[in-house]
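The structure appears right after this line, and notes come after that.
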Amino acid sequence: MIGAGVGAMAAAARLAVAGHRVAVYERTETYGGAVRRFERDGFGFDTGPGLLPLPAVYRDLFIKTGKEPLESCVELVQVDPSARHLFADGTEAPLPNASRAGVVAALDEALGAGAGGRWGDFLVRAREAWDRTRRPLLEEPLWPNWQVLAEREPYPSVPHKRLLRTRRAGTLAEIGAWELRDPRLVALLESHALAYGLDPREAPASAAVLPYLEHAFGTWYVRGGIRELARAVYERCLARRVEFHFGAEVTGVVEKDGRAAGVELADGTVAEADLVVCGVAPGVLDRPAPRAEGEVVPQRGAASRLTVLLALRGGRPRGTAHRTVVHAEDREAELDALFGVATAMASRPTVTVLRPDDPALVPDTGHEAITLTATVPSGSDTDARHAEDLITVAERAVPELRDRLLWHEVRTPADIAEVTGAAGGAVPAPALAAAEGRLLHPSNSTALPGLFMAGGWSHPGGGLPHAGMSGALVAGLIVEGPEFRGSQ
Ligand SMILES: Cc1cc2nc3c(=O)[nH]c(=O)nc-3n(C[C@H](O)[C@H](O)[C@H](O)COP(=O)(O)OP(=O)(O)OC[C@H]3O[C@@H](n4cnc5c(N)ncnc54)[C@H](O)[C@@H]3O)c2cc1C
């Protein structure tokens with residue numbers, strides 16, 4: 001196993017249960033990859049993901065790998081409201097967790113009658129896209145005829161009459177403009193793409209599954225921080241006798257008689273193995289996995305994140321939303337900066353403000369730990385000025401923020417590259433249908449027999465649930481063979 005990210009660890013635990021002897025070789029001194037924690041002066045912060053979508057993937061992992069269910073190993077809490085949205089015009093909308101009727105009512109109240117209904121109708125169509133793609137894009141190995149997924153748009157867009165022509169939304173931005181028809185609903189929709197580093201003007205309409213996923217399965221937090229989930233997966237691996245070698249950088253996959261036969265380590269030694277599972281970004285190894293003809297090309301140009309960790313004096317006020325999304329005042333300028341020819345960070349980006357109600361993250365009730373995140377181009381040279389920009393935007397959501405600030409700490413794309421190995425700190429997006437296959441990820445099996453790919457850079461793509469599913473798919477392909485068609 002190459003790398004101790006959550007995708008590879010999910011595969012490791014499942015394979016160990018199936019009777020394999022599993023050894024993980026991890027370049028850094030700890031497990032979890034992107035899922036890290038920063039601690040100082042009694043404050044604690046997640047420096048990777050701060051929320052967990054679709055916990056069912058990890059519930060399944062824990063059921064299949066031992067007696068103790070996930071809920072006995074970590075405390076999962078639903079985040080309600082799922083998010084409070086602060087729009088550019090000053091409108092504010094707290095959206096309840098996983099309740100269609102509740103969200104419709106909240107949007108009608110905040111944005112005016114009719115807005116909730118339009119969003120609710122959109123969610124019904126998004127559900128159709130989800131139903132059509134859930135199995136091939138989450139639960140099954142990538143179809144050999146993946147071109148079908150690349151060509152077919154599963155989102156049932158509403159015909160839109162324009163001059164004499166009838167058109168259908170092909171991108172997320174077109175869904176916003178033609179079906180939602182309110183700049184705040186557009187911002188709400190597009191923020192889901194942006195959070196995964198996708199340009200809503202380019203993202204296919206099938207990206208509608210991203211808000212649907214959050215709406216249908218809820219937004220969850222792991223008490224103590226999301227790093228606790230990585231800890232639980234690591235401990236489950238240890239309980240199943242998976243061996244971990246930290247400080248062990250893999251430089252290449254050893255090939256013998258046309259099969260993967262082990263890994264080559266940076267210190268020149270070789271660890272032999274019957275099978276190799278690679279859980280790192282493409283291009284990380286000196287000798288990466290060979291690709292078969294006609295295979296999906298590894299995703300390029302994925303965006304990164306800038307994260308600012310704030311230690312504040314004064315307790316978290318009662319009733320504070322766990323997550324607030326502060327939308328950019330100039331949306332087009334933000335998208336142009338991020339995804340234009342000369343990519344750069346927007347000066348006033350959309351910022352996600354996380355304020356968990358969690359005593360484990362503060363020295364006492366008289367202090368608060370807040371995390372700010374914005375999407376930035378991968379490889380961008382973010383500096384103190386950009387961190388200041390995020391704090392300035394967050395002041396719209398957190399009154400007296402600067403007066404309360406004790407210190408702050410910044411995590412840049414370079415820091416993400418350090419903990420994951422991915423060039424420029426790129427964070428892979430989940431696999432999506434249509435868009436000529438640009439948002440699909442390479443299959444979990446490779447052209448080299450015995451070599452498999454897990455984690456966010458392989459099918460079904462990035463994000464905690466998707467990476468967890470890649471582990472299940474790899475284990476299925478190894479245990480049941482190439483005819484494995486996904487878990488039922
Ligand atoms: C700031 C940030 C915010 C995020 N927010 C969200 C979110 O809100 N929701 C969500 O679902 N997901 C989010 N993600 C993405 C999510 O964290 C990842 O998709 C997920 O953790 C997948 O991890 P992985 O299995 O691909 O491994 P990675 O996390 O990429 O880890 C790879 C591991 O391999 C190791 N490695 C690399 N090279 C080598 C080598 N040569 N030899 C040995 N080991 C090596 C690395 O050290 C690392 O431990 C976020 C990520 C970041 C960074």
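Both ligands and their constituent atoms are indexed starting at 1 by order of listing.
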Practice problem: For salt bridge (Lys or Arg N to Asp or Glu O under 4.0 Å), just list the numbers for Glu71 and Arg59, CA-CA rounded to whole Å, side-chain angles, deciding distance to a tenth of an Å, and then say yes or no. | Solution: CA-CA 8 Å; Glu71 270 84 355; Arg59 287 203 181 102; 2.7 Å; yes
Which of the atoms in ligand 1, numbered in the order shown and given with their element, are less than 4.0 Å from a heavy-atom of [X]?
{"X": "Gly33", "answer": "29 (O), 31 (O), 48 (C), 49 (O)"}
{"X": "Glu249", "answer": "41 (N), 42 (N)"}
{"X": "Leu464", "answer": "10 (C), 11 (O), 12 (N), 21 (O)"}
{"X": "Gly7", "answer": "25 (O)"}
{"X": "Val427", "answer": "15 (C), 51 (C), 53 (C)"}
{"X": "Val35", "answer": "21 (O)"}
{"X": "Gly455", "answer": "25 (O), 26 (O)"}
{"X": "Gly5", "answer": "25 (O), 27 (O), 31 (O), 33 (C)"}

Quick one: which of [options] has a heavy atom closest to [atom]?
{"atom": "atom 47 (O) of ligand 1", "options": "Glu418, Glu26, Met9", "answer": "Glu26"}
{"atom": "atom 32 (C) of ligand 1", "options": "Cys278, Gly3, Gly279", "answer": "Gly279"}
{"atom": "atom 46 (C) of ligand 1", "options": "Thr28, Val419, Val250", "answer": "Val419"}

Minimum heavy-atom distance between [X] and [Y], given as atom pair plus value:
{"X": "Phe339", "Y": "Gly197", "answer": "CE2-O, 3.6 Å"}
{"X": "Leu70", "Y": "Leu229", "answer": "CD1-CD1, 3.9 Å"}
{"X": "Leu401", "Y": "Ala394", "answer": "CD2-CB, 3.8 Å"}
{"X": "Arg27", "Y": "Val419", "answer": "NH2-C, 3.9 Å"}

Does only the side chain of [X] get under 4.0 Å from ligand 1, or the backbone, or both, or neither? Count heavy atoms.
{"X": "Thr251", "answer": "neither"}
{"X": "Arg305", "answer": "side chain"}
{"X": "Pro49", "answer": "both"}
{"X": "Ile416", "answer": "side chain"}
{"X": "Val6", "answer": "both"}
{"X": "Tyr25", "answer": "backbone"}
{"X": "Ala248", "answer": "backbone"}

Exercise. Could you walk me through whether Val398 and Arg355 pass side-chain contact (heavy atoms from CB on, under 4.5 Å), step by step?
Key: CA-CA 10 Å; Val398 187; Arg355 306 179 70 178; 3.9 Å; yes
Quiz item: Has Arg227 got its NZ or CZ under 6.0 Å from the middle of the six-membered ring of Tyr31, at an angle within 45 degrees of the ring axis?
Solution: yes
Self-check item: Asp131/Arg127 ion pair, N-O < 4.0 Å
Solution: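 Salt bridge flag = yes for Arg127 with Asp131.
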Self-check item: Salt-bridge present (Glu228, Arg231; N to O < 4.0 Å)
Solution: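 Yes, Glu228 and Arg231 are salt-bridged.
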Kindly assign one of parallel, tilted or perpendicular to the pair [X] and [Y], based on the angle between their ring planes and the thresholds 30° and 60°.
{"X": "Trp457", "Y": "His441", "value": "perpendicular"}
{"X": "Phe87", "Y": "His327", "value": "parallel"}
{"X": "Phe122", "Y": "Trp119", "value": "tilted"}
{"X": "His85", "Y": "His192", "value": "tilted"}

Quiz item: So is Thr30 polar-close to ligand 1, meaning N/O to N/O under 3.5 Å?
Solution: no
Between [X] and [Y], is there a donor-acceptor pair closer than 3.5 Å when you use the side chain of the first and the backbone of the second?
{"X": "Ser206", "Y": "Ala433", "result": "yes"}
{"X": "Ser378", "Y": "Ala302", "result": "yes"}
{"X": "Thr446", "Y": "Leu451", "result": "yes"}

Quick one: look up the protein heavy atom nearest [atom] and list residue, atom name and how far away it is.
{"atom": "atom 44 (N) of ligand 1", "answer": "Arg27 N, 3.1 Å"}
{"atom": "atom 18 (C) of ligand 1", "answer": "Gly463 N, 4.1 Å"}
{"atom": "atom 1 (C) of ligand 1", "answer": "Thr47 O, 3.4 Å"}
{"atom": "atom 39 (C) of ligand 1", "answer": "Val280 CG1, 3.7 Å"}
{"atom": "atom 38 (N) of ligand 1", "answer": "Val284 CG1, 3.2 Å"}
{"atom": "atom 22 (C) of ligand 1", "answer": "Ala467 CB, 3.5 Å"}
{"atom": "atom 26 (O) of ligand 1", "answer": "Gly456 N, 2.7 Å"}
{"atom": "atom 29 (O) of ligand 1", "answer": "Ala34 N, 2.8 Å"}

Quiz item: How about Val253 and Cys278: do any of their side-chain heavy atoms sit closer than 4.5 Å?
Solution: no
Exercise. Please confirm whether Thr373 comes under 4.0 Å of ligand 1, counting heavy atoms of the residue only.
Key: no
Quiz prompt | Proximity flag Gly48 to ligand 1, non-hydrogen atoms under 4.0 Å | solution =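 Gly48: in contact with ligand 1 (<4.0 Å).
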